[in-house]
There are 2 protein chains.
Amino acid sequence: MNTRSGALVADTGRRNEAAILNAAIQAFGTQGFNGASMRDVARGADTSLSNLYNYFPSKSKLLAAALRHANAELRGRILAAVELAGDDAPSRLREAVRAHVGFVVDHRTATLVATNELRYLDPEDRAALVEDRDATQATFEQIVAQGSADGTFRTPYAGDAARAILSTVAAIATWYRPDGPLGRGQLAEQYARFALALLEAPLAR
Amino acid sequence: MNTRSGALVADTGRRNEAAILNAAIQAFGTQGFNGASMRDVARGADTSLSNLYNYFPSKSKLLAAALRHANAELRGRILAAVELAGDDAPSRLREAVRAHVGFVVDHRTATLVATNELRYLDPEDRAALVEDRDATQATFEQIVAQGSADGTFRTPYAGDAARAILSTVAAIATWYRPDGPLGRGQLAEQYARFALALLEAPLAR
DNA sequence: AGGGCACCAGAACGAGTGTTCATGTTGTCC
DNA sequence: GGACAACATGAACACTCGTTCTGGTGCCCT
């Protein structure tokens with residue numbers, strides 16, 4: 001399984017696929033999709049340029065595949081966290097945010113690629129991945145709706161609150177450094193509270 | 001002056017400079033810094049490729065110049081708004097957020113370029129622009145500190161709250177469409193409230 | 001009148017791009 | 001043992017890139 005740290009893609013049936021995908025995320029993340037070359041990816045995956053095309057038919061399909069892995073991992077973590085949480089909206093939201101923050105911290109580069117380089121995909125791939133992302137967002141929106149309906153979230157702007165929360169969480173990837181002052185857990189706790197406060201939920205003090 | 005809508009750069013002493021800068025923002029914003037070519041910029045500015053080099057010595061210096069204009073405009077709007085606000089932290093924050101949201105809405109593309117393409121600058125230019133951005137962020141941090149000190153903002157995480165607020169506001173540029181359901185004013189109001197709620201300020205209800 | 005300066009454009013250069021091709025090598029199933 | 005698929009490679013192709021070069025306008029200043 002994908003554990004807390006290390007590469008995003010652990011293994012696939014094919015010999016070098018995981019290495020290529022991870023190298024792609026690394027390259028696209030640090031230099032951007034257009035700034036990174038297939039030669040960079042090949043170097044990072046420790047294979048030859050032409051061999052990449054035995055695994056992926058084009059650069060943009062490679063990006064699409066990498067983003068599919070990232071989305072799947074993120075979605076899995078969030079659904080698992082919500083599953084384990086209580087039934088009330090605040091604890092469900094809390095756990096969902098904590099899981100999302102955890103993913104962003106563990107896979108900062110993948111998060112950056114997912115938010116910045118989506119637009120370089122072919123229209124069909126982009127549409128499919130946007131749908132994926134919207135599904136994740138919908139999970140948050142449902143929790144917000146639940147809390148709004150039962151009166152725990154008192155914000156008058158429930159419709160856009162989930163998007164606001166998710167964008168802050170994603171932005172963590174742009175500044176977080178693992179050797180910085182904030183640990184994984186503190187950060188998750190902090191953003192869970194930001195989220196509940198933004199929703200105008202009553203907070204323990 | 002730069003009004004509510006239209007191009008970011010209004011005019012400079014030189015004949016085509018503004019057109020080039022605006023075309024650069026447009027090109028870099030829609031295709032990314034590495035995805036857009038100097039030929040694209042020239043086409044957008046309705047001039048020749050080689051003429052660009054009479055105004056800017058290189059592609060990355062052109063990006064730097066465009067971002068300097070964007071930063072100056074953003075900073076000017078925020079400082080003016082804070083100036084006009086009352087002395088208390090909530091109204092100062094409210095007006096600062098409203099001004100920032102206004103800039104993002106008016107110059108979505110410039111905002112996207114400023115957040116996504118900063119990394120492609122030469123180290124010196126990037127450092128200078130990061131300093132600019134941090135100065136803007138510091139304005140928010142000071143307001144947060146003021147409200148924390150006098151007890152109106154009760155969040156225990158005042159240190160990171162400004163960054164959280166600013167990242168949500170910047171992210172508006174990724175999804176806002178002027179023909180969408182939300183008007184400029186409603187959006188500003190909404191995000192001002194998000195910001196105050198996140199800071200755990202008492203809210204009129 | 002004429003020198004200088006700001007502005008402009010077309011052609012070219014060398015480097016790097018994504019992708020394809022031809023050609024192995026390896027291991028696995030009948 | 002031999003066919004076949006999966007995996008691997010270096011060389012090449014057609015193209016685009018940022019930048020420079022060469023040459024040329026028109027306008028202002030003295």
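Every chain is numbered from 1, with letters handed out A, B, ... down the list of sequences. Just the heavy atoms: all of them, side chains too, but no hydrogens, waters or symmetry mates, feed the values below.
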Next on the checklist: How long is the straight-line distance from CG of A:Leu93 back to CD1 of A:Ile165, given to the nearest 0.5 Å?
Outcome noted: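 Output value for this atom pair is 5.5 Å.
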Item to check | Euclidean distance, B:Lys59 NZ relative to B:Phe33 CZ, rounded to 0.5 Å | outcome: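 It comes to 4.5 Å.
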Rounded distance in Å - [atom1] ([X]) to [atom2] ([N]):
X       : N      : atom1 : atom2 : answer
B:Gln31 : D:dT16 : CD    : C1'   : 13 Å
B:Asp40 : D:dG18 : CG    : C1'   : 13 Å
B:Asn34 : D:dT16 : CG    : C1'   : 13 Å
B:Leu52 : D:dC21 : CG    : P     : 17 Å
B:Lys59 : D:dG18 : NZ    : P     : 4 Å
A:Arg39 : C:dA15 : CZ    : P     : 15 Å
A:Phe28 : C:dT17 : CZ    : P     : 12 Å
B:Tyr53 : D:dC17 : OH    : P     : 11 Å

Checklist entry - Taking OP1 and OP2 of C:dC8, is either one under 4.0 Å from a side-chain nitrogen or oxygen of B:Asn16? => result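 So the side-chain polar atoms of B:Asn16 do come within 4.0 Å of the phosphate oxygens OP1 or OP2 of C:dC8, strictly under.
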Checklist entry - Are OP1 or OP2 of C:dA9 and a side-chain N or O of B:Thr47 less than 4.0 angstrom apart? => result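 Checking B:Thr47 against C:dA9: at least one side-chain N or O falls below 4.0 Å of OP1 or OP2.
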Next on the checklist: On DNA chain C, does the nearest nucleotide to B:Asp46 precede the nearest nucleotide to B:Leu49 from the 5' side, or the other way round? Give the residue.
Outcome noted: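 Counting from the 5' end, the first nearest nucleotide belongs to B:Asp46.
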Next on the checklist: For a 4.5 angstrom cut-off between non-hydrogen side-chain atoms, does A:Glu200 reach B:Arg193?
Outcome noted: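 The answer is yes; the side chains approach within 4.5 Å.
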Checklist entry - Regarding A:Gln137 and A:Glu141, is there a side-chain donor-to-acceptor distance under 3.5 Å anywhere? => result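 Present: a donor and an acceptor within the cut-off.
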Closest to the [X] side chain, choosing from [options]:
X       : options                : value
B:Asn51 : D:dC17, C:dC7, C:dT19  : C:dC7
B:Ser50 : C:dA9, D:dC17, C:dG18  : C:dA9
A:Tyr55 : C:dC21, D:dC7, D:dC17  : D:dC7
A:Ser37 : D:dC17, C:dT17, D:dT20 : C:dT17

Item to check | Any donor-acceptor N/O pair, B:Thr168 side chain to B:Ala164 backbone, under 3.5 Å | outcome: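 Side chain of B:Thr168 to backbone of B:Ala164, a donor-acceptor pair under 3.5 Å: yes, one is there.
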Next on the checklist: Students often get this wrong, so: under 4.0 angstrom with heavy atoms, is B:Ala36 touching a base, only sugar-phosphate, or nothing?
Outcome noted: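 Sugar-phosphate contact only.
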Checklist entry - Counting any heavy atom closer than 4.0 Å, what does A:Ser48 reach on the DNA or RNA strands: base, sugar-phosphate only, or nothing? => result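 Contact class for A:Ser48: base.
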